[in-house]
Amino acid sequence: MKKCVITVVGKDTVGIIAKVCTYLAENQINILDISQTIVQGYFNMMMITDMEKASKELGEVSKDLEVLGEDIGVTIHCQRAEIFEKMHRL
């Protein structure tokens, strides 16, 4: 399994989850777990995904998601799960 962590942060608007999930589905990226909260109008979502059957490489997906985030007014980061875990272990 090729696990990746995707984080989405920004001002809450209609359709954020739909647009991110649509992109993932179109590129054969499976969502394993998802957590989402809205605090005083700010949206925060974290997803654990499996890119084993993805139609694109991680670098391209990461760049696409950054562009998608800019289009919808949020910041989206995508990174391999093991890198995310090591960064947040301190």
Side-chain angles (χ1 to χ4, degrees):
M1 189 175 306
K2 294 168 131 180
K3 285 187 182 179
C4 289
V5 176
I6 299 172
T7 56
V8 182
V9 178
K11 191 152 175 56
D12 187 35
T13 59
V14 174
I16 296 171
I17 296 172
K19 290 173 184 167
V20 174
C21 290
T22 297
Y23 173 85
L24 297 177
E26 288 172 348
N27 289 282
Q28 303 302 311
I29 299 168
N30 189 35
I31 299 168
L32 302 173
D33 200 358
I34 184 171
S35 173
Q36 168 258 296
T37 58
I38 299 169
V39 178
Q40 294 186 1
Y42 290 94
F43 179 87
N44 184 12
M45 179 169 66
M46 181 174 175
M47 307 169 99
I48 308 299
T49 62
D50 178 10
M51 292 191 56
E52 188 72 37
K53 297 178 182 175
S55 58
K56 296 180 179 179
E57 294 296 321
L58 176 63
E60 189 175 1
V61 168
S62 182
K63 193 160 237 12
D64 287 351
L65 287 171
E66 285 181 25
V67 170
L68 175 61
E70 290 172 10
D71 290 346
I72 61 177
V74 297
T75 301
I76 304 177
H77 292 287
C78 177
Q79 57 190 313
R80 292 188 356 229
E82 55 268 13
I83 292 173
F84 183 87
E85 290 170 10
K86 288 180 181 177
M87 286 176 53
H88 292 87
R89 194 172 284 166
L90 296 175

| query | Say you draw a straight line from OG1 of T22 to CG of N27; how long is it, rounded to the nearest 0.5 Å? | reply | 11.0 Å

| Is I38 reachable from V74 through a run of hydrophobic residues whose side-chain heavy atoms are each under 4.5 Å from the next? | yes

| query | If you take all heavy atoms of E52 and K2, which pair is closest and at what distance? | reply | OE1-N, 3.4 Å

| Under 3.5 Å: donor-acceptor pair, side chain of T49, backbone of C4 | yes

| query | Can you name the closest pair of heavy atoms from M51 and K56 and give their distance? | reply | CE-O, 3.9 Å

| request: Decide side-chain contact (heavy atoms from CB on, under 4.5 Å) for L58 and R80; before the verdict, give the C-alpha distance in whole Å, the side-chain angles of both, and the deciding distance to 0.1 Å. | output: CA-CA 8 Å; L58 176 63; R80 292 188 356 229; 3.3 Å; yes

| Under the 3.5 angstrom rule, does the side chain of D12 hit a backbone N or O of Y42 as a donor-acceptor pair? | no

| said: Between K19 and D71, does the side-chain contact (heavy atoms from CB on, under 4.5 Å) criterion hold? Intermediate values first, please. | reply: CA-CA 10 Å; K19 290 173 184 167; D71 290 346; over 6 Å; no

| field | side-chain contact (heavy atoms from CB on, under 4.5 Å) evaluation trace for L24 with I6 | value | CA-CA 11 Å; L24 297 177; I6 299 172; 3.8 Å; yes

| remark: Closest heavy-atom pair, M45 versus I34, reported as atoms and distance to 0.1 Å, is SD-CD1, 3.6 Å

| said: Once rounded to the nearest 0.5 Å, what's the spacing between atom CD of E66 and atom NE2 of H77? | reply: 7.0 Å

| query | For the atom pair CD (Q79) and NZ (K3), what is the distance rounded to the nearest 0.5 Å? | reply | 14.5 Å

| Option passing side-chain contact (heavy atoms from CB on, under 4.5 Å) with M47 (candidates I76, D33, V5, I31) | I31

| Point-to-point distance, once rounded to the nearest 0.5 Å, from CD of E60 to CG of L65 | 11.0 Å

| request: State yes or no: do F43 and L68 share one hydrophobic cluster built from I, L, V, M, F, W and Y residues joined by side-chain heavy-atom distances below 4.5 Å, directly or via other members? | output: yes

| request: Applying side-chain contact (heavy atoms from CB on, under 4.5 Å), run through I72 and I16 and close with a yes or a no. | output: CA-CA 7 Å; I72 61 177; I16 296 171; 4.3 Å; yes

| message | Would a single hydrophobic cluster contain both I17 and I29, if residues Ile, Leu, Val, Met, Phe, Trp and Tyr are joined by side-chain heavy-atom contacts under 4.5 Å? | response | yes

